Engineer: 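Sharing a structure below in structure tokens format, with a few things to ask.
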Number of protein chains: 2
Amino acid sequence: MTPPLGETIREHFERQILAGTLAPGARLPTEQQIMAQFGCSRMTVSKALTALATAGLIERRKRAGTFVARPRVHSMVLEVPDLAALVAARGQAYRYRLDQRDTVTSGEGHLAGHPALHVSGVHFADDRAMAVEDRLVSLAAVPDIAAADLNAEAPGTWLLHHVPWTEADSRITALGASPAEALLLGVEAGTPCLCVERRTWRGTDPITHVRQVFRGDSYELVAHFGPGAS
Amino acid sequence: MTPPLGETIREHFERQILAGTLAPGARLPTEQQIMAQFGCSRMTVSKALTALATAGLIERRKRAGTFVARPRVHSMVLEVPDLAALVAARGQAYRYRLDQRDTVTSGEGHLAGHPALHVSGVHFADDRAMAVEDRLVSLAAVPDIAAADLNAEAPGTWLLHHVPWTEADSRITALGASPAEALLLGVEAGTPCLCVERRTWRGTDPITHVRQVFRGDSYELVAHFGPGAS
DNA sequence: TAGTGGTCTAGACCACATG
DNA sequence: ATGTGGTCTAGACCACTAC
């Protein structure tokens, strides 16, 4: 029924900070004072404040004290859904068509020098082309993919289920469909499309490099920022 | 010189998880066993494992034990730079031109019913139009903006310095420039553009609603995912 | 029901940066 | 120099749940 004491302390200051009662730069009471105020041990206070510091709400400086962190960093949480799951959630039928599959060793990029599986194909929602995808997968890091049936399961979905990555970056741009892309998507060349280019690593080993071009009228990315969970 | 013991424990398991030695779903030793292994108290172990759980690397279940978390969440950290800072970082001259400024009370959207300042203008990098922006700012939540000189400082930059938000969401899409947008950007109508639409709140009070349309060839968004810092 | 994690205590020593 | 946070100990009781 009653929440843990440490949680109570954490929420006490979190509320004041979010409400602005404690403005950025303001000093919080010392651990000793908080101990006295809540009638608990120092360890409990420390854990509560450590959690707030981890969340980026406060900043702790030795000998100086604890302060409300300066205006927040401008970062948001970008959702990166699995396409199959996304389409299914929309109530549409998902399909992936594998168009090309070969083995290459590229000379540049983050997979440079690694033998890689090169696959390209198209993602469909209800038999309407949604995106074209061109992907390289390192055969050194993911040898099992050589035996995978990538027509039954899209490469991205297969990788998601078999090879959790530890590091990734993405570039998101807008571009006009090239003639080849336009043909695959069933639109006119130059039609605005959303392009997502992503590289992933496991530790320092490159895993995959993918470029997806989406019809601009059938896909959007969403991001969220907030104090609570995602 | 020697790192804190709790940190050592945390890194010990983090390394094993990222290296794959501890596969997703694998069970970690119990706290008692880790205590014995590292010769420390249970509190120290608990703090180390709690940090890993907060970071999402492990999952703790009572009576069952501690396990490596299943494949990672499909979310990444999206950087949302201030345009003025971004352009300056590129070594270009930044300028914002305010084109329109009036007061409205919209009937719909997340600012419905709130009197709001409506501003629209263009962001320039080296005197080349980069983006058009259309924005509503709640006058109830941000009365001070009525007196701000939004020609000297873009509305987004002004808000960034004066009103930290606590919650926000964004939609990212690709679209073709409308005739009006094309005129302002100096491109042909239909040119692919990246559109970012963002709503922000402070607590439950809506702050601002902004729609920015960027020339597709001069802007990109980047997102990152990784175990370390940003 | 027994073993697991969740939480808490009342101390302690230390490093450090600020006044 | 002093007070701050950083870290750690050796216990303890409790809630929960898988066995």
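Small disclaimer: the values here were computed from a predicted structure and weren't measured. Here is the naming used below: chain letters follow the sequence lines, and residue numbers restart at 1 for every chain. Computed over heavy atoms, backbone and side chain alike; hydrogens, waters and symmetry mates excluded.
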Engineer: Within the 3.5 Å criterion, strictly below it, is a donor on B:E79 or B:H224 matched to an acceptor on the partner's side chain?
Structural biologist: no

Engineer: From C-beta outward on A:K62, which listed nucleotide comes closest to its side chain: D:dG6, C:dG6, D:dA18?
Structural biologist: D:dG6

Engineer: I want to verify a distance call: between D:dG5, C:dG5, C:dT9, whose nearest atom is closest to the B:T66 side chain?
Structural biologist: C:dG5

Engineer: C:dT9, OP1 or OP2 - any side-chain N/O from A:T44 closer than 4.0 Å?
Structural biologist: yes

Engineer: Specify the separation, in whole Å, of atom CD of B:E7 and atom P of D:dG5.
Structural biologist: 20 Å

Engineer: What integer distance in Å separates A:E31:CD from C:dC8:C1'?
Structural biologist: 15 Å

Engineer: Check the distance between D:dT9's P and A:M43's CE and give it to me in whole angstrom.
Structural biologist: 9 Å

Engineer: Give me the ring orientation class for B:F214 and B:Y219: parallel if the planes are under 30° apart, tilted from 30 to 60°, perpendicular past 60°.
Structural biologist: parallel

Engineer: Closest to the B:R27 side chain: D:dA18, D:dT9, C:dT4?
Structural biologist: C:dT4

Engineer: Closest to the B:R42 side chain: D:dA12, D:dG3, C:dC8?
Structural biologist: D:dA12

Engineer: Name the nucleic acid region contacted by B:T50, choosing base, sugar-phosphate or nothing; use a 4.0 angstrom heavy-atom cut-off, strictly under.
Structural biologist: nothing

Engineer: State plainly whether the residues A:E31 and A:R60 are in salt-bridge range, i.e. N to O under 4.0 Å.
Structural biologist: yes

Engineer: Are side-chain N/O atoms of A:R199 and A:T208 paired as donor and acceptor at under 3.5 Å?
Structural biologist: no

Engineer: Using heavy-atom distances to pick each residue's nearest nucleotide on DNA chain C, tell me which of B:A64 and A:P4 is more 5'.
Structural biologist: B:A64

Engineer: What is the distance, to the nearest angstrom, from the CZ atom on A:F38 to the C1' atom on C:dT7?
Structural biologist: 17 Å

Engineer: Where the side chain of B:R63 is concerned, which of C:dG3, C:dT18, D:dC8 is the nearest nucleotide?
Structural biologist: C:dG3

Engineer: Atom CZ of A:R10 and atom P of C:dG6: how far apart are they, to the nearest Å?
Structural biologist: 15 Å

Engineer: Counting only distance, no hydrogens or angles, is the base of D:dA18 paired donor-acceptor with the side chain of B:R61 under 3.5 Å?
Structural biologist: no

Engineer: To the nearest Å, give me how far apart NZ (A:K47) and C1' (D:dG6) are.
Structural biologist: 15 Å

Engineer: Measure from the side chain of B:R60, starting at C-beta and using heavy atoms only, and say which of D:dT9, D:dG6, C:dG5 lies closest.
Structural biologist: C:dG5

Engineer: Could you give the CD1-to-C1' distance, from B:I9 to D:dT9, as a whole number of Å?
Structural biologist: 13 Å

Engineer: By the 4.0 Å heavy-atom rule, please label B:L5 as base, sugar-phosphate, or nothing.
Structural biologist: sugar-phosphate

Engineer: In plain terms, say whether A:D169 and A:R198 are close enough for a salt bridge, that is, a side-chain N and a carboxylate O under 4.0 Å apart.
Structural biologist: no

Engineer: Nearest whole Å is fine: how far is C:dT7 C1' from B:L49 CG?
Structural biologist: 15 Å

